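One-based numbering, in listed order, for ligands and for the atoms of each. Every heavy atom of this structure was used, including side-chain atoms; hydrogens, water molecules and symmetry mates were not. Quantities reported herein were computed from a predicted structural model and do not represent experimental measurements.
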Amino acid sequence: MLDVIIIGGGVCGCSLLYELSRYKLGTLLVEKENDIACGTTKANSAIVHAGYDPEPGTEMARFNVEGNALIEQLSKDLDIMYKKIGSLVVGFDDDDRKSIEKLLEKGTKNGVPGLKIIETEALFKMEPNLSRDVKCALYAPSAGIVSPWELAIAQAECAVEGGAKIELECVVAGIKKEKEGWTVSTNKGDFKARFVVNAAGVNSDLISEMAGESKHFSITAKSGEYYILDTTESALVSAVVFPCPSKLGKGVLVSPTVHGNIIVGPDSKDWARGDFSTSAQGLDYVKKNAVRVVPSVNFRASIRNFSGLRADAGREDFIVGESKECPGFFNIAGIKSPGLSSAPSIAREVAKQLHAAGLESKPNPAFVGKRRVRRFKEMSEAEKRAAVKENPLYGTIVCRCETVTEGEIVDALKRPVPPRSLDAVKRRCTPGMGRCQGGFCGPRVLELIQKHLGLKPEAIMKDRAGMFIVTGETKQGGVR
Ligand SMILES: Cc1cc2nc3c(=O)[nH]c(=O)nc-3n(C[C@H](O)[C@H](O)[C@H](O)COP(=O)(O)OP(=O)(O)OC[C@H]3O[C@@H](n4cnc5c(N)ncnc54)[C@H](O)[C@@H]3O)c2cc1C
């Protein structure tokens, strides 16, 4: 029997897997998709929020502020792309100024460091492209940007190296309380564990019901749509720029990404679970609201649109901890924004509660707390030369837009949670993230997956199962 089964390989599930890998335990994470970080974790604003939004006294406030500091440390330890660039909430009139003062008050109560209100002159010096109608802003220097999927993947890789297990394409269909522990039924068979943790994102209400909890929460999927602008636009803003928050959320932001692009979005509307489509209406809303704050956003430089689904449980706090009705079953549910920022702190809390419920806490001698990734683009000329000398595959550029070498892709394919789709490789080392969106390097990456993982080309998806790139040979000797 396992000690813990975690359901869901998003940033929450992977953060918990990493946290538990500190201890000598049998831990399994099951994920229904063909990769981890494939749900909400891969489709959000990627902001490490400072923590002035959540209501003081909530767990959300505590997790956000703690998580913000933990992510900064994790990014150093696990070599995750992260930048502490600060955030601005801008105001246009007296009502906005009142909202900003309220945020300052809440942030101060939540323990957010360095918050201050900035007036126009200093503000325009910081952000010359802001609308001249802006009157003031709340500046939060501790806010940052991160590669959200890398935060999950890096933690999962270390956990697996330290002995944890991950089962992909493993859909949980039933959960049964046994005399001792639980049986989790999946398309890949039954797994038994003393404890079960539900980190299933927009499906967390369904998993809770499977475990026998009465319907104490239900999830509404709330879609948010975005534009990603080419790196040519990277000088547009230097910090994360938000309007004042409203009932719909934190509003349409304009922000740099860690990959050197500009992200613009999101909107917010009820949507179907599993539907990641964008809409003309949603994107129009984003456009209109973004130019109010930064009038010179160049939407002609857009290289990609996408949408993500918030898991909204209709309350002001996350649902985190052991079920009162079903002891031994834990929820990490209703994790809407700032869930990405909070995930490492939520993981620590749940690990603490699991130990309090009887989970062993003997240290794991095989724990892996550090990771290093080689990024050719970031190397100095001397480092590049040395890398090519050591491994000639670093001398072949596969993705021209992002300057990604064959060596980096092959390294990614050998990591502890190997990528099996084009987008899974993209999430690990960025081929296909640039202006041509994989038009040039896609077939080459497919060949490398085929060669190094021994998969048939037809079995290699663009992203999730069913997203075929090639379906078979059109003529003899067609697919190489
Ligand atoms: C538009 C938008 C913008 C956001 N912006 C930010 C931001 O800037 N900063 C921030 O801090 N937060 C932000 N968030 C919130 C943040 O993205 C989420 O809180 C976080 O990603 C949630 O992670 P998770 O692990 O709970 O869920 P997910 O990443 O969705 O992971 C859940 C996993 O469970 C799997 N699963 C579901 N059902 C089953 C099953 N039956 N069997 C097996 N596996 C299953 C899914 O496939 C999925 O991989 C934003 C969210 C959205 C949608």
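Looking at K250 and S337, their side chains do bring a donor and an acceptor atom within 3.5 Å of each other. Between the side chains of E225 and S307, no donor N or O sits under 3.5 Å from an acceptor N or O. With no hydrogens or angles considered, a side-chain donor-acceptor pair links S185 and D190 at under 3.5 Å. There is a side-chain donor-acceptor pair under 3.5 Å between D275 and S277. Looking only at atom types and distance, the side chain of Q73 has a donor-acceptor partner in the side chain of D77 under 3.5 Å away. In this structure, a donor-acceptor pair under 3.5 Å is absent between the side chains of N187 and E169.
Considering E31, K250, E167, K222 only, the shortest heavy-atom separation from atom 47 (O) of ligand 1 involves E31. Ranked by closest heavy atom to atom 5 (N) of ligand 1, the top entry among S87, S255, S45, G201 is S45. For atom 42 (N) of ligand 1, the nearest non-hydrogen atom from the set L309, V172, V11, V48 comes from V172. Looking at C12, A152, A199, it is A199 that brings a heavy atom closest to atom 32 (C) of ligand 1.
Only backbone heavy atoms of A46 (N, CA, C or O) come within less than 4.0 Å of ligand 1; its side chain stays farther off. Counting heavy atoms closer than 4.0 Å to ligand 1, residue N203 contributes side-chain atoms (C-beta onward) but none from N, CA, C or O. Contacts between K336 and ligand 1 below 4.0 angstrom, taking non-hydrogen atoms only, involve the backbone exclusively. Under 4.0 Å from ligand 1, the heavy atoms of C170 that appear belong solely to its backbone.
Taking 4.0 Å as the cut-off, I207 counts as a neighbour of ligand 1 on heavy-atom distance.
Closest protein heavy atom to atom 34 (O) of ligand 1: G8 CA, 3.2 Å. In terms of protein heavy-atom proximity, atom 7 (C) of ligand 1 is nearest to H49 NE2, 3.5 Å. Protein heavy atom at the shortest distance from atom 22 (C) of ligand 1 is I335 O, 3.7 Å. Looking from atom 4 (C) of ligand 1 to the surrounding protein, the closest heavy atom is N44 CB, 3.2 Å. The nearest heavy-atom contact from the protein to atom 6 (C) of ligand 1 is S337 OG, 3.7 Å. Regarding atom 52 (C) of ligand 1, its nearest protein heavy-atom neighbour is R310 CG, 3.5 Å. Ranking protein heavy atoms by distance to atom 16 (C) of ligand 1, first place goes to L340 N, 3.7 Å. For atom 3 (C) of ligand 1, the nearest protein heavy atom (residue, atom name, distance) is Y226 OH, 3.0 Å.
Considering backbone and side-chain atoms together, K32 places an N or O closer than 3.5 Å to an N or O of ligand 1. Not a single N or O atom of S342, backbone or side chain, sits closer than 3.5 Å to an N or O atom of ligand 1. For a threshold of 3.5 Å applied to N or O pairs, the pair formed by T40 and ligand 1 contains at least one separation below that value. Between I47 and ligand 1, at least one N/O pair is under 3.5 Å apart. Below 3.5 Å of separation, one finds no N or O of A43 facing any N or O of ligand 1.
Separation of the Y227 and F299 ring centroids falls under the 6.0 Å cut-off.
Distances below 4.0 Å separate heavy atoms of E33 from the following atoms of ligand 1: 47 (O). Heavy-atom contacts of S341 reach the following atoms of ligand 1: 9 (N), 10 (C), 11 (O) (cutoff under 4.0 Å). Near P338, meaning under 4.0 Å from any of its heavy atoms, are these atoms of ligand 1: 10 (C), 11 (O), 12 (N). With ligand atoms numbered from 1 in the order given, ligand 1 contributes 33 (C) to contacts under 4.0 Å with heavy atoms of G9. Close approach of ligand 1 to G308 (heavy-atom distance below 4.0 Å) involves ligand atoms 53 (C). Counting atoms of ligand 1 from 1 in the listed order, those under 4.0 Å from a heavy atom of T41 are 21 (O), 23 (O), 25 (O), 28 (P), 29 (O).
Side-chain atoms of N34 come within 3.5 Å of backbone atoms of D463 as a donor-acceptor pair (strictly under, hydrogens ignored). The closest donor-acceptor contact from the side chain of N110 to the backbone of P54 lies under 3.5 Å.
Between P245 and L103, the shortest heavy-atom distance links the atoms CD-CD1, 3.9 Å.
In this structure, R304 is not positioned above the aromatic face of Y226 in the sense of NZ or CZ being under 6.0 Å from the six-membered ring centre and within 45° of the axis. Cation-pi geometry between R348 and F63 is not met: the NZ or CZ atom fails to fall both under 6.0 Å from the ring centre and inside 45° of the normal. Geometrically, K192 does not engage W182 in a cation-pi contact defined by less than 6.0 Å to the ring centre and at most 45° from the axis.
For the side-chain contact (heavy atoms from CB on, under 4.5 Å) criterion with K42, the lone passing option out of K426, E33, R427 is R427.
Contact of the K188 side chain with the E167 side chain is registered, since non-hydrogen atoms from C-beta on lie closer than 4.5 Å.
Classification of the H355-Y23 ring pair by plane angle, with boundaries at 30° and 60°, yields perpendicular.
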